[in-house]
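To keep things clear, I will list the structure first and then write my remarks on it.
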Amino acid sequence: MSKTIFERIIAKEIPADVIYEDEHIVAFMDIKPVAPTHALIVPRKPIARLEDANAADHSILGHMLMKAPAIAAQLGLAEYGYRLVINNGRDAGQEVPHLHIHLIGGRKLAWPPG
Ligand code: AMP
């Protein structure tokens with residue numbers, strides 16, 4: 001199967017505004033932000049969606065969430081908060097089949113989503 005755009009960003013084959021990376025995850029700014037601040041937290045491992053994660057992926061999934069506050073703080077979102085979103089599958093509007101958390105903030109966000 002061909003690589004997703006996120007695999008290509010992780011492999012540094014195409015550029016992205018990377019704001020954080022470690023052995024398990026890469027975070028970079030979304031190319032089409034839906035709010036003043038919009039980043040993506042992506043596991044290096046190409047898990048397509050949550051249904052494709054297995055028992056060995058617990059620590060990676062936990063790491064994605066546990067790192068979100070530090071990444072949010074780095075982006076200046078710690079004081080007023082932010083939203084974390086996973087679009088999982090077609091009806092959620094998932095476009096890139098590589099699991100990712102959207103980290104969104106910088107203004108008051110509407111709820112519920114459309
Ligand atoms: P989703 O619809 O949840 O799969 O979200 C995919 C996200 O990836 C969208 O918000 C896109 O704007 C974003 N995106 C697609 N290509 C790139 C890219 N080359 N660099 C940064 N973000 C991207």
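Numbers here are sequence positions counted from 1.
- Note on Val85 and Leu65: separate hydrophobic clusters, where clusters join Ile, Leu, Val, Met, Phe, Trp and Tyr whose side-chain heavy atoms are under 4.5 Å apart, directly or indirectly.
- Looking at Asp22 and His63, their side chains do bring a donor and an acceptor atom within 3.5 Å of each other.
- A side-chain donor from one of Asn88 and Glu51 sits under 3.5 Å from a side-chain acceptor of the other.
- When all heavy atoms of Gly105 and Leu77 are compared, the pair lying nearest together is C-CD2, 3.9 Å.
- Considering CG of Leu99 and OG1 of Thr4, their distance stands at 11.0 Å, rounded to 0.5 Å.
- The pair Glu21-Lys12 meets the salt-bridge criterion, with a side-chain N (NZ, NE, NH1 or NH2) lying under 4.0 Å from an Asp/Glu carboxylate O.
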Does the side-chain contact (heavy atoms from CB on, under 4.5 Å) test come out yes or no for Ile41 and His100, once each step is laid out?
CA-CA 5 Å; Ile41 303 173; His100 50 284; over 6 Å; no

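- In the hydrophobic clustering of ILVMFWY residues, with side-chain heavy atoms under 4.5 Å counting as a link, Val42 and Ile14 come out together.
- Of the possible donor and acceptor atoms, one in the side chain of His98 sits under 3.5 Å from a partner among the backbone N and O of Pro43.
- The distance between the ring centers of Phe28 and Phe6 falls below 6.0 angstrom.
- To the nearest 0.5 Å, the span separating CG on Leu84 from CG on Leu103 amounts to 5.0 Å.
- Between the side chain of Gln94 and the backbone N or O of Gly89 there is at least one donor-acceptor pair closer than 3.5 Å.
- One distance of note links NE2 of His102 with CG of Asp30; it measures 6.5 Å at 0.5 Å rounding.
- At a threshold of 4.5 Å between side-chain heavy atoms, the hydrophobic network of Ile, Leu, Val, Met, Phe, Trp and Tyr places Leu61 and Ile71 in one connected group.
- Closest non-hydrogen pair, Leu75 versus Ala39, comes out as CD1-CB, 3.9 Å.
- Atoms OH and CD1, on Tyr82 and Ile104 in that order, are 12.5 Å from each other to the nearest 0.5 Å.
- Ala48 and Asp52 get closest at one heavy-atom pair: CB-OD2, 3.3 Å.
- Under the 4.5 Å side-chain heavy-atom criterion for Ile, Leu, Val, Met, Phe, Trp and Tyr, Ile101 and Ile47 are members of the same hydrophobic cluster.
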Can you check side-chain contact (heavy atoms from CB on, under 4.5 Å) on Ile25 and Arg44, steps first, answer last?
CA-CA 5 Å; Ile25 62 174; Arg44 288 188 186 275; 5.9 Å; no

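- Listed for the His38 side chain is no donor-acceptor partner under 3.5 Å among the backbone atoms of Pro36.
- Residue-environment remark: CZ (Arg107) exceeds the threshold of 12 foreign heavy atoms within 6.0 Å.
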Step-by-step side-chain contact (heavy atoms from CB on, under 4.5 Å) determination, Met29 to Val18
CA-CA 7 Å; Met29 302 311 290; Val18 174; over 6 Å; no

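- In plain terms, the two heavy atoms of Leu109 and Ala35 that are nearest each other are CD2-CB, 4.3 Å.
- Taken from CG in Asp57 to NE2 in His24, the straight-line distance is 10.5 Å, to the nearest 0.5 Å.
- Here the CD atom belonging to Glu7 is positioned 8.5 Å from the OG atom belonging to Ser2, to the nearest 0.5 angstrom.
- Without hydrogens or angle criteria, Gln74 side chain to Ile19 main chain gives a donor-acceptor distance under 3.5 Å.
- Judged purely by atom type and a 3.5 angstrom limit, Arg83 uses its side chain to pair as donor or acceptor with the backbone of Ala110.
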